[in-house]
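What follows is one structure encoded as structure tokens, with my remarks underneath.
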2 protein chains.
Amino acid sequence: MVQDSIRVLQTQGYKVTKPRRQVLEILEEAQESLSPYDIQRLLRRQGKHLNHVTIYRILDLFCSLNLAHKLLSTGRFVKCSLGDKEGCHRFMVCHRCGTLQEFADERLCQEENGFARNFDFHTEYHLSESSGLCSNCYRKQHQKQENA
Amino acid sequence: MVQDSIRVLQTQGYKVTKPRRQVLEILEEAQESLSPYDIQRLLRRQGKHLNHVTIYRILDLFCSLNLAHKLLSTGRFVKCSLGDKEGCHRFMVCHRCGTLQEFADERLCQEENGFARNFDFHTEYHLSESSGLCSNCYRKQHQKQENA
DNA sequence: AGCTTAAATGCAACAGTGTTGCGATTAGGG
DNA sequence: CCCTAATCGCAACACTGTTGCATTTAAGCT
Ligand SMILES: [Mn+2]
Ligand SMILES: [Mn+2]
Ligand SMILES: [Zn+2]
Ligand SMILES: [Zn+2]
């Protein structure tokens, strides 16, 4: 996974530096999305010290290469799980535990584009995040209500 | 339009204050979305001085009453144009002039929910903004390319 | 393995954004 | 015209994000 991203960096002519590796690894490990300062704190706990400016610049680069995404709803970052290809990447985010699923669906895009045409709007890309509960958190929530 | 919002404030037991009126009017006039500090600057040009803390608190209130929305992509605010009812409100934002259309579409929601169920995800609400060109800006862009 | 150098990082300083507590003001009911 | 809870303004602060420039480093080349 991290290897794939490293290969993208290389083939695009970017250096594979220690800070870039470290940010990749942190994003890979994380179950939830991370803010730039979250990343700095997590790395510091591992004895790795990165300047926040560096983290910002690395995240910018990763996003431009589609190795990571900046979530709209929170501004936090996640590692892309669909590869670095172009296209519309959508998210389902659990608002309880923060875990998320990335997916792409051509039909949804078609539908949205069709709707937009009615308004004479020329869509270039879709930004889409659904908020809700993952199966785990839904089950927990449900059990609580039964016991209450 | 502003009148409708004022009525919502009254029926919900909130005071109709001068700052709240002023923010409502600015949002109503604006063609594009506004940041809290944009609102402060615009009002100041009209000789109206609001503390930024006040503006933040007013925008929080308006959003909680569905009188305004905070755009995901920019964090800027727009007046809701579909009334204060619950439901999924989507946007088409022109990335050139900033104007936007708000809309709601039950079929899109159904489709997204159906997709989520396959992942055992329980959707509570959709966050959706399409980015592209409005008809005006599309025409301008097109003409430019012809002349070039 | 040691040079070389463009690319990347670190640092300092700063600007912008957003939050909290508390005292002063005000809308709106009696 | 009072009264008072709701709202606002102010001060102080924390967090987030940006820029310019000096220093370090990855990686290509001997
Ligand atoms: Mn992706
Ligand atoms: Mn709305
Ligand atoms: Zn969850
Ligand atoms: Zn436009």
Side-chain angles (χ1 to χ4, degrees), chain A residues 2-3 5-27 32-44 46-65 67-78, chain B residues 2-3 5-27 32-44 46-65 67-78:
Chain A
V2 169
Q3 270 320 310
S5 300
I6 287 181
R7 207 151 310 132
V8 172
L9 287 176
Q10 287 172 331
T11 63
Q12 301 285 97
Y14 294 99
K15 289 188 181 176
V16 180
T17 63
K18 201 158 62 172
R20 285 177 182 166
R21 275 181 208 280
Q22 293 173 343
V23 173
L24 274 177
E25 281 160 17
I26 278 289
L27 286 176
E32 6 146 45
S33 59
L34 302 173
S35 77
Y37 285 96
D38 285 342
I39 293 173
Q40 190 178 47
R41 277 184 287 272
L42 288 172
L43 284 173
R44 191 159 39 220
Q46 307 181 0
K48 299 163 184 168
H49 289 259
L50 287 195
N51 190 280
H52 72 277
V53 180
T54 302
I55 297 175
Y56 275 95
R57 298 199 267 227
I58 288 176
L59 291 171
D60 276 355
L61 175 66
F62 286 0
C63 285
S64 77
L65 297 175
L67 301 178
H69 298 288
K70 184 176 187 175
L71 294 184
L72 291 169
S73 41
T74 57
R76 297 153 65 96
F77 294 82
V78 290
Chain B
V2 169
Q3 272 318 312
S5 299
I6 287 180
R7 207 152 309 132
V8 172
L9 287 176
Q10 287 172 331
T11 62
Q12 302 284 96
Y14 294 98
K15 289 188 181 178
V16 179
T17 63
K18 199 157 62 171
R20 285 176 182 166
R21 274 181 208 281
Q22 292 174 343
V23 173
L24 274 177
E25 281 161 18
I26 278 289
L27 285 176
E32 7 146 45
S33 59
L34 301 174
S35 77
Y37 285 96
D38 285 341
I39 293 174
Q40 189 177 48
R41 278 185 285 271
L42 288 171
L43 285 172
R44 190 158 41 219
Q46 306 179 1
K48 298 162 183 168
H49 289 259
L50 287 195
N51 189 281
H52 72 277
V53 181
T54 302
I55 296 174
Y56 275 95
R57 296 198 269 230
I58 288 175
L59 290 171
D60 276 353
L61 176 67
F62 288 180
C63 285
S64 76
L65 297 174
L67 300 178
H69 298 287
K70 184 175 186 175
L71 294 184
L72 291 169
S73 42
T74 57
R76 297 154 65 96
F77 294 83
V78 290

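Just so we're clear, the structure is a prediction, and the values are computed from it rather than from any experiment. First the proteins, then the strands, lettered A, B, ... as listed; each starts at 1.
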Spacing between B:Arg21 atom CZ and C:dA27 atom C1', to the nearest angstrom: 10 Å
Should the side chain of A:His52 and the base of C:dT9 be counted as holding a donor-acceptor pair, with the cut-off at 3.5 Å? no
Please state how far atom CD1 in B:Ile55 lies from atom P in C:dT20, giving the value in whole angstrom units. 18 Å
Side chain of B:Tyr56 (C-beta onward), nearest among C:dG28, C:dT9, C:dT19: C:dT19
When you compare the side chain of A:Leu65 with that of A:Leu9, does any pair of heavy atoms fall below 4.5 Å? yes
Between C:dA7 (P) and A:Asp60 (CG): distance, integer Å: 18 Å
Does the side chain of B:Leu50 come within less than 4.5 Å of B:Val23's, by heavy atoms? yes
Report yes if the side chains of A:Asp38 and A:Phe77 come closer than 4.5 Å at any heavy-atom pair, otherwise no. no
When B:Lys18 and A:Gly13 are each assigned the nearest nucleotide of DNA chain C, the 5'-most assignment goes to A:Gly13
First and last nucleotide of DNA chain D in contact with chain A, 5' to 3', at under 4.0 Å to a heavy atom: what are they? D:dT16 to D:dA27
Heavy-atom nearest nucleotide on DNA chain C for B:Ser35 versus B:Tyr14: which residue maps closer to 5'? B:Ser35
Do A:Arg21 and A:Val2 come close enough that some side-chain heavy atom pair is under 4.5 Å? no
If you measure from the Lys or Arg side-chain nitrogens to the Asp or Glu carboxylate oxygens, is any gap between B:Arg57 and B:Asp60 under 4.0 Å? no
Side-chain touch B:Leu61/B:Ser64, heavy atoms, less than 4.5 angstrom: yes
Helical stems, DNA chain C - three or more consecutive Watson-Crick or G-U wobble pairs below 3.5 Å: C:1-30 with D:1-30
Just the rounded figure in Å: distance from P of C:dG18 to CD1 of B:Ile39. 11 Å
Within-4.5 Å side-chain heavy-atom neighbours: B:Leu59 and B:Ile39: yes
Does B:Val53 or B:Thr17 map to a spot on DNA chain D nearer the 5' end, using the closest nucleotide for each? B:Thr17
Give the rounded distance in Å between these two atoms: NZ of A:Lys48 and C1' of C:dT9. 17 Å
Is B:Arg57 side chain donor-acceptor paired with the C:dG18 base, going by distance under 3.5 Å alone? no
Taking the side chain as every heavy atom from C-beta outward, state whether A:Gln22 and A:Ile26 have any pair of such atoms under 4.5 Å apart. no
Expressed as a whole number of angstroms, how long is the span from B:Ile6:CD1 to C:dA27:P? 13 Å
Rounded to the Å, how far apart are B:Arg20 CZ and C:dT25 C1'? 14 Å
Can you check the A:Leu9 CG to C:dT9 C1' distance for me, whole Å? 15 Å
Nearest 0.5 Å please: distance from the CG atom of A:Leu43 over to the CD1 atom of A:Ile55. 6.0 Å
